[in-house]
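Reckoned from all heavy atoms, side chains included, excluding hydrogens, waters and symmetry mates. Since we're looking at a predicted model, the values are computed, not measured.
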Amino acid sequence: MDVSIIIVNYNTREITSQCIESIYEQTDNITFEVILIDNNSTDGSVEFFSNDKRIKLIQNRENSGFGHANNIGIKKASGKYIFCLNSDTFLLNNAIKMLYDFAESYGKNAVFGTWLLDNQEKIIHSYGKFPSIKTELYNALRVYGQRIPYLSKYCIEYTEIFSEEPKLVDYIIGADMFIPRYVIEISGMFDERYFMYCEDTDWQKRMVEKGIERILINGPKIVHSESKSSSKEGGKSMKKNLLSTKAMFLYMKKHYHNTNYLFFRTLYALLRLFPTLSNEYTCKEKSEYLKLLFAII
């Protein structure tokens, strides 16, 4: 088997079905399997996809998170390459074969992705820089920069720069990670302590320590309807804030010394205090977020 395509579904039956159909419509001259992990959906997904004999359906008894579900798929995969693909994507060309051919020519010491597109085929968020104490504190300062001109110079927005040529990046977003099996053997899989957010960043940070490159290539066309799958679990913005903040704290604790982490958590909590109290969330939502910010480390 050339490629095992792993898709995680949680109450996204329609867009997941669109994703799978695009794989079979567009993919040619390569052997592949589609492994679908359902995270205990309640929208009839299991009944629907169990009738599709082209795919391998794995049912989770609970929604165990994005990373854990992908790990289940990886363990069941038989492909030379593992392609972790978001359920809210669909292919416009023979993207998987293009990624496969490039990976074969490049070598096994890298993971690969492509420039993702929106529904108008314009390039959208496809990669990022590894978070740091500095960048996360700058992000927390942004709300103050809007009110205090002096601080605005510290609130620089990060922009992605397109390249026709293969581009080495810090991390490829988890919507389309094309991974040689060798990379998984030496770097492990997703850290399952992350329920959602940062699990792809953390994994690729660990890959750096093993000398694994992260390469973005031009040519494969994959549309990513951003946030459609994550919103099913993230719900309204406060819940998404809680999930993303918890993930960011875990990432910082893993990759920074305890003293630096303690400094970061303290300063970050103080910076987020005023914006949290002054926003339009309910008192219960504010209380829940503040408990997270000021939890005992």
Quick check: closest heavy atoms across [X] and [Y], and the distance to 0.1 Å?
{"X": "Tyr127", "Y": "Ile161", "answer": "OH-N, 2.8 Å"}
{"X": "Ile23", "Y": "Val34", "answer": "CG2-CG2, 4.2 Å"}
{"X": "Ile7", "Y": "Asn86", "answer": "CG2-C, 4.5 Å"}

Any non-hydrogen side-chain atom of [X] less than 4.5 Å from a side-chain atom of [Y]?
{"X": "Leu117", "Y": "Leu92", "answer": "yes"}
{"X": "Phe90", "Y": "Asn119", "answer": "yes"}
{"X": "Ile35", "Y": "Ile5", "answer": "no"}
{"X": "Glu160", "Y": "Ser126", "answer": "yes"}
{"X": "Ile184", "Y": "Ile82", "answer": "yes"}
{"X": "Thr114", "Y": "Leu216", "answer": "no"}
{"X": "Lys246", "Y": "Leu292", "answer": "yes"}
{"X": "Asp38", "Y": "Phe49", "answer": "no"}

Inset, instruction - Walk me through it: do Thr245 and Asn241 pass the test side-chain hydrogen bond (donor to acceptor under 3.5 Å, both in side chains)? - result: CA-CA 6 Å; Thr245 302; Asn241 284 342; 5.8 Å; no

For [X], what residues pass the side-chain contact (heavy atoms from CB on, under 4.5 Å) criterion, not counting sequence neighbours?
{"X": "Ser187", "answer": "Val183, Trp203, Met207, Lys210"}
{"X": "Lys134", "answer": "Ser132, Tyr138"}
{"X": "Glu192", "answer": "His68, Asn71"}

Legend entry - Pairs where residues 166-182 contributes a residue and the test side-chain hydrogen bond (donor to acceptor under 3.5 Å, both in side chains) is met, not counting sequence neighbours: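 Qualifying pairs: none.
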
Legend entry - Pairs where residues 212-222 contributes a residue and the test side-chain hydrogen bond (donor to acceptor under 3.5 Å, both in side chains) is met, not counting sequence neighbours: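 Every side-chain hydrogen bond (donor to acceptor under 3.5 Å, both in side chains) pair that includes a residue of residues 212-222, provided the two are not neighbours, is Tyr106-Glu213, Glu164-Asn218.
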
Inset, instruction - Count the heavy atoms of every other residue, nucleotide or ligand shown that sit under 6.0 Å from CD of Glu33, and state whether that count exceeds 12. - result: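 For Glu33, atom CD is crowded (more than 12 foreign heavy atoms under 6.0 Å).
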
Inset, instruction - Check the surroundings of atom CZ in Phe263: do more than 12 heavy atoms from other residues, nucleotides or ligands lie under 6.0 Å from it? - result: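 No, not enclosed.
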
Could you tell me whether a side-chain N or O of [X] sits under 3.5 Å from a main-chain N or O of [Y], the two making a donor and an acceptor?
{"X": "Asp118", "Y": "His224", "result": "no"}
{"X": "Ser287", "Y": "Cys283", "result": "no"}
{"X": "Gln26", "Y": "Ala95", "result": "no"}
{"X": "Asp52", "Y": "Phe48", "result": "no"}
{"X": "Thr27", "Y": "Tyr24", "result": "no"}
{"X": "Thr282", "Y": "Glu285", "result": "yes"}
{"X": "Thr16", "Y": "Asn9", "result": "no"}
{"X": "Ser45", "Y": "Ser41", "result": "no"}
{"X": "Asn39", "Y": "Asn63", "result": "no"}

Could I get the full list of salt bridge (Lys or Arg N to Asp or Glu O under 4.0 Å) partners for [X], not counting sequence neighbours?
{"X": "Glu136", "result": "none"}
{"X": "Lys97", "result": "Asp101"}
{"X": "Asp2", "result": "none"}
{"X": "Lys254", "result": "Asp191, Asp202"}

Hydrophobic clustering (ILVMFWY, side-chain heavy atoms < 4.5 Å, transitive) - are [Y] and [X] grouped together?
{"X": "Met1", "Y": "Leu36", "answer": "no"}
{"X": "Leu271", "Y": "Leu273", "answer": "yes"}
{"X": "Leu168", "Y": "Phe112", "answer": "yes"}

Give, for atom [atom1] of [X] and atom [atom2] of [Y], the distance between the pair rounded to the nearest 0.5 Å.
{"X": "Tyr100", "Y": "Phe178", "atom1": "OH", "atom2": "CZ", "answer": "8.0 Å"}
{"X": "Ile173", "Y": "Cys84", "atom1": "CD1", "atom2": "SG", "answer": "12.5 Å"}
{"X": "Met189", "Y": "Ile179", "atom1": "CE", "atom2": "CD1", "answer": "11.0 Å"}
{"X": "Tyr81", "Y": "Ile30", "atom1": "OH", "atom2": "CD1", "answer": "9.0 Å"}
{"X": "Ile20", "Y": "Ser22", "atom1": "CD1", "atom2": "OG", "answer": "9.0 Å"}
{"X": "Met98", "Y": "Ile217", "atom1": "CE", "atom2": "CD1", "answer": "8.5 Å"}

Inset, instruction - Show the numbers, then the answer: is there a side chain to side chain contact (heavy atoms under 4.5 Å, CB included) between Cys19 and Leu85? - result: CA-CA 9 Å; Cys19 174; Leu85 185 65; 3.7 Å; yes

Inset, instruction - Could you check Thr276 against Leu293 for side chain to side chain contact (heavy atoms under 4.5 Å, CB included), going step by step and ending with a plain yes or no? - result: CA-CA 10 Å; Thr276 302; Leu293 288 178; 4.1 Å; yes

Legend entry - Pairs meeting criterion salt bridge (Lys or Arg N to Asp or Glu O under 4.0 Å) with involvement of residues 9-25, two or more places apart: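 Counting only pairs at least two positions apart or across chains, the salt bridge (Lys or Arg N to Asp or Glu O under 4.0 Å) contacts touching residues 9-25 are Glu21-Arg54.
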
Inset, instruction - Quick one: which residue pairs count as a salt bridge (Lys or Arg N to Asp or Glu O under 4.0 Å) with a foot in residues 58-85, not counting sequence neighbours? - result: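 Output for this query lists Lys80-Glu104.
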
Inset, instruction - For the pair Tyr251 and Tyr197, evaluate ring pair (Phe, Tyr, Trp, His ring centres under 6.0 Å) and give the outcome as yes or no after the intermediate values. - result: CA-CA 10 Å; Tyr251 179 93; Tyr197 305 115; over 10 Å; no

Inset, instruction - List for me each residue that meets ring-ring contact (aromatic ring centres under 6.0 Å, His included) alongside Phe264, sequence neighbours excluded, and say none if there are none. - result: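 Testing Phe264 for ring-ring contact (aromatic ring centres under 6.0 Å, His included), a comparison that skips the adjacent residues, returns Tyr268.
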
Inset, instruction - Evaluate the criterion side chain to side chain contact (heavy atoms under 4.5 Å, CB included) for residue pair Asp88 and Thr12; output intermediate values, then yes/no. - result: CA-CA 8 Å; Asp88 57 357; Thr12 54; over 6 Å; no

Inset, instruction - Start with the C-alpha gap between His257 and Tyr261, add the side-chain angles, then the distance that decides, and say whether ring pair (Phe, Tyr, Trp, His ring centres under 6.0 Å) holds. - result: CA-CA 6 Å; His257 188 274; Tyr261 175 68; over 10 Å; no

Inset, instruction - Evaluate the side chain to side chain contact (heavy atoms under 4.5 Å, CB included) criterion for residues Ile6 and Phe83: first the C-alpha distance (whole Å), next the side-chain angles of each, then the deciding distance (0.1 Å), finally the verdict. - result: CA-CA 6 Å; Ile6 298 174; Phe83 189 31; over 6 Å; no

Legend entry - Lys286 charged N/C atom sitting above Tyr281 aromatic ring, 6.0 Å / 45°: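 No; the conditions do not both hold, so Lys286 does not lie above the ring face of Tyr281.
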
